[in-house]
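Following: one structure in structure tokens, then a few remarks.
We name chains A, B, ... by the order of the sequence lines, and we start the count at 1 in each one.
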Protein chains: 2
Amino acid sequence: MVMSMNREMTIGQAAKSSAISAKMIRHYESIGLLPKAQRTESGYRLYDDNDVHTLRFIQRARSLGFPLETIRTLLALWRNRRRSSSHVKDLAERHIADLERKIAEMQSMVRSLKHLAHHCHGDDRPECPILDDLAG
Amino acid sequence: MVMSMNREMTIGQAAKSSAISAKMIRHYESIGLLPKAQRTESGYRLYDDNDVHTLRFIQRARSLGFPLETIRTLLALWRNRRRSSSHVKDLAERHIADLERKIAEMQSMVRSLKHLAHHCHGDDRPECPILDDLAG
DNA sequence: ATGGACCCTCCCATCATGGGAAGGTCAAGG
DNA sequence: CCTTGACCTTCCCATGATGGGAGGGTCCAT
């Protein structure tokens with residue numbers, strides 16, 4: 001049933017194919033996010049298309065901001081045919097809530113900063129409402 | 001411990017007065033953000049109202065999200081009577097731009113995640129558009 | 001055989017913060 | 001006076017995700 005070619009490649013090529021740096025691929029392996037890679041006799045890591053598929057999964061999850069520990073769970077769910085989609089959705093929704101909390105925090109900072117900056121002349125003189133605010 | 005009358009206090013009290021942990025106050029001193037504190041004969045750090053004023057300045061700046069290196073500059077400007085407010089305003093505006101960039105990044109993640117979560121049934125079955133997306 | 005482009009491991013840095021160990025100091029109450 | 005507990009000290013380690021770089025081995029094409 002396996003009809004795909006099993007092209008093997010070194011870590012540099014896997015890195016290019018997945019947009020994850022070789023440094024990070026080694027790191028993910030070291031923390032057990034990835035299984036230990038195959039090695040050549042001389043110790044070079046070898047990756048096949050399946051490995052690259054996993055790497056891309058991780059890359060996409062990282063690009064959505066998922067922390068590595070959550071990605072560890074997502075990978076397990078991905079591989080588990082008896083998973084429930086509610087588990088995955090729950091992880092996504094918690095992550096969304098996390099992001100929205102951080103966004104709100106930063107937006108509040110931006111509002112305050114813009115207010116302060118708006119009142120600052122921004123010229124050669126020392127008077128500055130921004131510093132006045134920080135000084136309390 | 002010799003405590004003079006002009007409102008000198010230990011690090012724990014300075015921490016309470018400034019809402020910066022004792023741990024962080026020591027750290028700020030170690031990286032030169034704060035000058036070395038006075039010490040009692042037995043080695044306890046001592047802080048006066050002026051020091052607490054500086055600590056509150058730092059606390060307020062941190063609460064607006066300024067990184068410590070920028071706060072180092074802000075402190076110098078605060079103490080410099082020949083500063084130009086444009087310098088301060090510039091720092092604030094760069095910080096605003098930084099925050100807005102990060103906010104936009106996270107909002108983009110949230111948009112994608114909400115879209116995916118919206119299409120996920122979130123039930124007992126394994127089918128999951130979120131994992132399908134991550135898997136590419 | 002040589003050079004350059006890979007690969008390996010190991011250590012260190014970032015950024016801001018906290019935890020905790022091991023030990024010294026101080027004030028209050030028995 | 002001595003104990004107790006709440007402070008204080010320094011030092012090391014951890015977080016999360018990533019990168020830099022040293023020192024050394026491997027592979028391939030010229």
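We find that OH of B/Y44 is positioned 6 Å from P of C/dC26, with the value rounded to whole Å. One interatomic measurement links the two molecules: CD of B/Q59 to C1' of C/dT17, which rounds to 14 Å at whole-angstrom precision. As rounded to whole Å, 15 Å separates atom C1' of D/dT26 from atom CD1 of A/I11. The distance from atom CE of B/M9 to atom C1' of D/dC8 is 16 Å, rounded to the nearest whole Å. Note: NZ (A/K36) to C1' (C/dT9) measures 14 Å, nearest angstrom. Summarising the geometry, the separation between CD on A/E41 and P on C/dC8 is reported as 16 Å, rounded to the nearest angstrom. C/dT17 atom C1' lies 9 Å from atom CZ of B/R62, rounded to whole Å. To the nearest angstrom, P of C/dC8 lies 14 Å from CD of A/Q38.
Phosphate contact (OP1/OP2 of C/dG24, side-chain N/O of B/S42, threshold under 4.0 Å): absent. Between A/T10 and C/dC7 there is a side-chain N or O to OP1 or OP2 distance below 4.0 Å. When the side-chain nitrogen and oxygen atoms of B/R45 are compared with OP1 and OP2 of D/dC8, none of them lie within a distance under 4.0 Å.
Contact check for B/I130 versus A/L91: no side-chain heavy atoms found under the 4.5 Å cut-off. The shortest side-chain heavy-atom distance between B/F57 and A/L131 falls under the 4.5 Å cut-off.
Between A/E29 and A/R26 no salt bridge is recorded (no basic side-chain N to carboxylate O distance below 4.0 Å). A salt bridge does not link B/K102 with B/E105: none of the charged nitrogens is closer than 4.0 Å to a carboxylate oxygen. A salt bridge links A/R94 to A/D90: one of the charged nitrogens lies within less than 4.0 Å of a carboxylate oxygen.
Taking hydrophobic clusters as Ile, Leu, Val, Met, Phe, Trp and Tyr residues chained together by side-chain heavy-atom distances below 4.5 Å, B/V88 shares a cluster with B/L68.
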Chi angles and distances behind the side-chain contact (heavy atoms from CB on, under 4.5 Å) call for B/V52, B/M9: CA-CA 10 Å; B/V52 171; B/M9 63 189 97; 3.6 Å; yes
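Considering only the side chain of A/R39, C/dC8 comes nearest among C/dG24, C/dA16, C/dC8.
Taking CE of B/M24 as the start and CD1 of B/I11 as the end, the distance is 10.5 Å to the nearest 0.5 Å.
The stretch residues 15-31 of chain B comes close to DNA chain C through B/S21, B/K23, B/M24, B/H27, B/Y28, each having a heavy atom under 4.0 Å from the strand.
There is no side-chain donor-acceptor pair under 3.5 Å between B/S86 and A/D124.
Comparing A/F66 and B/G43 by the nucleotide of DNA chain D that holds the closest heavy atom to each, the one mapping nearer the 5' end is B/G43.
Each end of the helix from C/dA1-D/dT30 to C/dG30-D/dC1 gets its own axis, taken as the rotation carrying the C1' atoms of four end pairs onto the next four within a five-pair window, and the two axes meet at 30° to the nearest 10 degrees.
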